[in-house]
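See structure below.
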Amino acid sequence: MNFATALQGLQDLEPTVEEFRDAVFRGLGNMPKTLPCKFFYDAQGSRLFDRICELPEYYPTRTECALLAARAEDIAACVGPQVELIEFGSGAGVKIRLLLAALIDPAAYVPVDISRDHLMLAAGTLARDFPDLRVAPVCADYSNPFALPHLPGLFPERRVGFFPGSTIGNFTPEEATDFLRGAARLLGPGSMMIVGVDLPKDPAILHAAYDDPAGVTAAFNLNLLRRINRELDADFDIGAFAHEARWNRPASRVEMHLISRTAQTVRVGGRRFDFRTGESIHTENSYKFGIDAFARLARAAGYAKVATWTDPAALFSVHVLEAVGPS
Ligand SMILES: C[S@@+](CC[C@H](N)C(=O)[O-])C[C@H]1O[C@@H](n2cnc3c(N)ncnc32)[C@H](O)[C@@H]1O
């Protein structure tokens, strides 16, 4: 196969601007105000996220990459040969390369991401670097049901979902359980999931990771307001909001907020939203699950544990799960 045949056409289910607007209206109409974190990822948001991954304070990326590299052979042994890989929230497509280096004769790779331009760039680069692999990108919101692309002549031994980056922590535990159940339905009987999960740890380490001194995470959070201005005819004054990261210990999650520095009114798509001084827009949760807590969640979603690994400093975990259905 060459690059032209390796890269399949895009299956495009990108959320529409109307869906974005409705979600923003709903979130800003809530009390307290919220915005869904999936809308962080326009082209600029994806670039900023890639910069976050390079920050010295952002331990999850380098820790998970080291763990995947160290355990790639073990993971390959767990999932077996000729698998179809489906990556949820594939981003820059860096981590899948660590698995591809060890997997035996993988049948196809389906990167799924909401950020279309970034997805196409990453899929094209991967198809060039792995010319024998069929790469079939899907632009979709994975929190809604979607179908996998039909790849003629593809008969994988099994389907394997890959969900790294602790992105599962952006769901509430109930949403995460629903997501895993939906993934089992999508991937079918005998499927497996490889999930990267961030562990609870010293709040000072967490705080630095989500509020770096270089201000990249702040720019990433504030980019959501810039995106609303760009796409929804809004007039957020970006300088009138401040990024804040909070460790919510009882909920075991880091929260990201945008705090209104002043009393102000913002117009979005013909509607007005009032803010008090100090009022927050809650933009993201990043839940941290201990090993046992995540095992319970996976079990409730119909998965049996195949293997779990952590790094030596117990910062991050990687789980291999098999869909076995309700217990
Ligand atoms: C935290 S980043 C992780 C990226 C990469 N997997 C990693 O581990 O570095 C989350 C990724 O998921 C994508 N994403 C977030 N929410 C999504 C959703 N609801 N549906 C599809 N993709 C989503 C983002 O565009 C981004 O690429």
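When a ligand or atom number is given, it counts from 1 through the structure's own listing order.
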Please tell me whether Thr172 and Tyr287 have a donor and an acceptor in their side chains that are separated by less than 3.5 angstrom.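 No, Tyr287 and Thr172 have no side-chain donor paired with an acceptor closer than 3.5 Å.
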
Once side-chain contact (heavy atoms from CB on, under 4.5 Å) is applied, do any residues pair with Ala76, and if so which ones, sequence neighbours excluded?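 Listed in chain order: Ala102, Leu103.
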
Between Phe275 and Phe241 (judged by ring centroids, cut-off 6.0 Å), do the two rings come close enough to count as a pair?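 Yes.
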
Criterion salt bridge (charged side-chain N to carboxylate O under 4.0 Å, His left out) on Arg226 and Asp42, from CA distance to verdict: CA-CA 10 Å; Arg226 291 187 202 279; Asp42 63 350; over 6 Å; no

Among all residues two or more places apart in sequence or in another chain, which pass the salt bridge (Lys or Arg N to Asp or Glu O under 4.0 Å) test with Arg26?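 Counting only residues at least two positions away or on another chain, Arg26 forms no salt bridge (Lys or Arg N to Asp or Glu O under 4.0 Å).
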
Just grab all the side-chain hydrogen bond (donor to acceptor under 3.5 Å, both in side chains) pairs involving residues 157-169, residues at least two apart or on different chains.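 Every side-chain hydrogen bond (donor to acceptor under 3.5 Å, both in side chains) pair that includes a residue of residues 157-169, provided the two are not neighbours, is Glu84-Arg159.
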
Residue contacts for ligand 1, heavy atom to ligand atom, distance under 4.0 Å: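 Near ligand 1, by chain and number: Lys38, Tyr41, Phe49, Glu87, Gly89, Gly91, Lys95, Asp113, Ile114, Ser115, Ala140, Asp141, Tyr142, Ser143, Pro164, Gly165, Thr167.
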
